[in-house]
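Reviewing the structure listed below.
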Amino acid sequence: MTAIVEHRADAPAPTPGAGSTGLRNYYLLRALVAAAWVAAAFAIGGTSWLAGAILLIAYPAWDALANLGDAARNGGLARNPSQALNVAVSTVTAAAVAATITDMKTVIGIFGAWAILAGLLQLATGVRRWKTYGAQWAMILSGAQSALAGGHFLSRALGSAVPDVRVVAPYAAFGAFYFLLSALLLSFRRKG
């Protein structure tokens with residue numbers, strides 16, 4: 001017989017173990033998707049307008065889906081307000097990028113605003129998870145760096161050169177690195 005566990009706000013925080021395995025797997029998936037996105041951005045995104053457009057729309061859309069799935073596995077959106085807001089921000093960003101995809105300066109400007117907001121929300125999620133899982137410093141650092149990268153995107157959007165998807169690729173590569181590092185840290189924490 002399977003017991004039903006109710007998530008209550010006053011319930012004690014789960015101990016690292018099964019929950020940290022799920023979080024580790026989530027971080028690994030995020031790292032792999034980001035790395036594949038970077039490879040595609042450099043391989044075809046800069047030479048094919050359509051491929052670049054698809055990649056630029058897909059990146060925030062994937063972030064929205066990933067945050068939605070992660071929040072659902074961790075008590076739902078109501079228990080994870082920073083991720084709930086991140087889902088909304090990333091969804092609006094994907095739609096805004098799709099609507100302005102023919103104007104790359106505007107697209108990169110939208111990415112800049114999104115990187116700032118999503119980074120701060122990721123930082124908040126990392127801080128909140130620290131008590132339960134530990135090993136969140138890489139996610140906190142990644143969130144802060146994302147916010148700073150957003151400022152760089154905004155400056156690129158205001159510059160004279162017309163950017164393409166490859167401007168976003170280093171940002172995504174750092175994201176892949178931080179997600180992989182977080183997965184490794186959770187793995188070592190479980191073994192320790």
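Every value quoted in this text rests on a predicted model; they were computed, and no experiment measured them. All values below were derived from every heavy atom in this structure, side-chain atoms included, with hydrogens, water molecules and symmetry-related copies excluded.
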Completion exercise
CG of Leu23 to CG of Asn74, rounded to nearest 0.5 Å, is 7.0 Å
Output the rest of the hydrophobic cluster of [X]: all Ile, Leu, Val, Met, Phe, Trp and Tyr residues reachable through side-chain heavy-atom contacts under 4.5 Å, sorted by chain and number.
| X | answer |
| --- | --- |
| Val33 | Leu29, Trp62 |
| Leu65 | none |
| Val92 | none |

Who pairs with [X] by side-chain hydrogen bond (donor to acceptor under 3.5 Å, both in side chains), at least two apart in sequence or on another chain?
| X | result |
| --- | --- |
| Arg30 | Tyr26, Asp63 |
| Tyr59 | none |
| Ser82 | Thr125 |

Looking only at non-hydrogen atoms, find the nearest pair between [X] and [Y] and report the distance.
| X | Y | result |
| --- | --- | --- |
| Ala94 | Ala61 | CB-N, 3.8 Å |
| Asn80 | Ala71 | ND2-O, 3.5 Å |
| Ala183 | Arg24 | O-CG, 3.3 Å |
| Val162 | Met104 | CG1-CB, 4.1 Å |

Handout entry: Residue pairs involving residues 32-52 (criterion side-chain hydrogen bond (donor to acceptor under 3.5 Å, both in side chains); sequence neighbours excluded)
Key = none
Problem - Of all pairs that satisfy side-chain hydrogen bond (donor to acceptor under 3.5 Å, both in side chains), the ones with a partner from residues 167-185, not counting sequence neighbours - result: Gln145-Tyr178, Ser146-Tyr171
Are the side chains of [X] and [Y] in touch, meaning some heavy atoms are under 4.5 Å apart?
| X | Y | answer |
| --- | --- | --- |
| Val107 | Val165 | no |
| Leu181 | Trp137 | yes |
| Val167 | Phe111 | no |

Handout entry: Qualifying residues under salt bridge (Lys or Arg N to Asp or Glu O under 4.0 Å), relative to Arg128, sequence neighbours excluded
Key = none
Practice task
Identify, with sequence neighbours excluded, every residue that meets side-chain contact (heavy atoms from CB on, under 4.5 Å) alongside Leu68.
Solution key: Leu77, Val87
Problem - Pairs flagged by salt bridge (Lys or Arg N to Asp or Glu O under 4.0 Å) wherever residues 82-108 is involved - sequence neighbours left out - result: none
Problem - Sequence neighbours excluded, every pair satisfying salt bridge (Lys or Arg N to Asp or Glu O under 4.0 Å) that has a member inside residues 161-175 - result: Asp164-Arg166
Problem - Gln136 vs Leu186, side-chain contact (heavy atoms from CB on, under 4.5 Å): CA-CA, chis, key distance, verdict - result: CA-CA 8 Å; Gln136 295 297 300; Leu186 283 173; 4.3 Å; yes
Practice task
State yes or no: do Val38 and Phe177 share one hydrophobic cluster built from I, L, V, M, F, W and Y residues joined by side-chain heavy-atom distances below 4.5 Å, directly or via other members?
Solution key: no
